[in-house]
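Presented below is the structure to which this report refers.
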Amino acid sequence: MWGLTGQLVAILVWAAHLGVAEDAQARDRARSAKTVSPGISAPLPPRRPVELTHGRPSQASTPTAQTTPAPAEPQALIGPPACFGTFSERGGIALPAASESGSGACAIAEPVTFRAISMPDGSKVELDSSFTVTCAFAVEILDWVREDLPGIVAHEDGKLTGITGVGGHACRPRNGVAGAQISEHATGNALDVFGLRLADGRTVSLVRTDANTRSLRERLKTSACARFRTVLGPGSDPSHKDHLHLDMRQRPRDYKICQWNID
Ligand SMILES: [Zn+2]
């Protein structure tokens, strides 16, 4: 009895909407305006049940859904770069606002300014001045200081407490020569170092000829040249006779420069 009645209703419904049967949106409006039970969908033209299997009946109650543009892809959260979290996790102790972040050709991407590094054993390594570099380069420095330097210094019965002669951002051409290509220091991608301060009060110069520190400096050179793309010290050129220069300058074919004569 119900089947017969259902079929009759279905035919009437179908006939009432025959004129718009080929219009998909109109069909959806029809579905939203009238709840159609599965029992009466059977006799309808074959395309209708096929559409119902596409999981769209729920959309039928919101006829405008089909014409509304798909929602935009989720936007990245606005906030500090992810590198800043890495910087802190790797022992960086950031100072407020990088005032030396520069502009134009001397702008630093994601600058961080710091003057101390928290070491894995809970101690701190103090730098003799604060300096500003890109966050990515800062992480390279942190890894070098925390992972390599303690072992190198311990080999000479020392404990690292500080780094001296530190220089970072400087808006200038290479080696200070007018007209030369801009220095890695200009974009916060370089570090200058003079020496290491030890817990017993010694300061180990990285550039002074000294038989007592030769072994330590040789280990430092091996470590620095493995981590950084440019290492320039005494013996490389006149402008690096009194300090060690480290940077991460990218070159074709990943070419690296390691020039530091140990005397
Ligand atoms: Zn330098």
Side-chain angles (χ1 to χ4, degrees), residues 87 92 95 98-117 125-146 148-149 152 160 162-197 203-209 213 216-252 254-263:
F87 173 81
L95 294 173
S99 58
E100 306 174 50
S101 56
S103 60
C106 292
I108 298 180
E110 300 181 6
V112 291
T113 301
F114 62 112
R115 191 175 178 169
I117 299 169
V125 167
E126 303 279 349
L127 315 178
D128 66 349
S129 66
S130 64
F131 71 110
T132 303
V133 290
T134 68
C135 183
F137 184 59
V139 171
E140 301 285 350
I141 296 169
L142 295 173
D143 288 351
W144 182 56
V145 171
R146 284 163 50 98
D148 289 9
L149 298 198
I152 292 171
L160 183 69
I163 300 175
T164 69
V166 169
H169 185 227
C171 189
R172 68 184 185 218
R174 264 184 222 166
N175 299 336
V177 177
Q181 200 171 348
I182 200 154
S183 164
E184 293 296 307
H185 284 285
T187 50
N189 200 32
L191 169 70
D192 287 342
V193 177
F194 170 78
L196 304 183
R197 187 175 298 123
T203 295
V204 177
S205 166
L206 304 184
V207 297
R208 192 177 302 141
T209 300
T213 64
L216 185 152
R217 286 181 289 129
E218 283 179 337
R219 287 190 172 82
L220 272 176
K221 178 183 176 181
T222 301
S223 157
C225 290
R227 287 189 177 268
F228 298 95
R229 297 187 184 281
T230 309
V231 177
L232 297 173
S236 62
D237 60 56
S239 59
H240 293 99
K241 66 179 187 295
D242 60 357
H243 70 276
L244 185 67
H245 168 99
L246 310 168
D247 75 47
M248 291 300 280
R249 183 181 167 212
Q250 294 277 358
R251 299 182 182 84
D254 204 27
Y255 181 69
K256 297 168 79 172
I257 293 177
C258 174
Q259 295 178 357
W260 178 10
N261 291 347
I262 308 291
D263 293 320

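Whatever order the structure lists ligands and atoms in, that order sets their numbers, starting from 1.
At a cut-off of 3.5 Å, with distance as the only test, no side-chain donor of His185 or Asp247 sits close to an acceptor on the other residue. Checking Trp260 against Ser236 by side-chain atom types alone, no donor-acceptor pair falls below 3.5 Å.
A distance-only check finds no donor-acceptor pair linking the side chain of Thr213 to the backbone of Val204 [under 3.5 Å].
Rounding to the nearest 0.5 Å gives a distance of 5.5 Å between NE2 of His245 and CG of Leu232.
Counting just the N/O/S atoms of His185, the one with the shortest distance to the Zn ion (ligand 1) is named NE2. When distances from the Zn ion (ligand 1) to the N, O or S atoms of Asp192 are compared, OD1 comes out shortest. Looking at His245, its N, O or S atom nearest to the Zn ion (ligand 1) turns out to be ND1.
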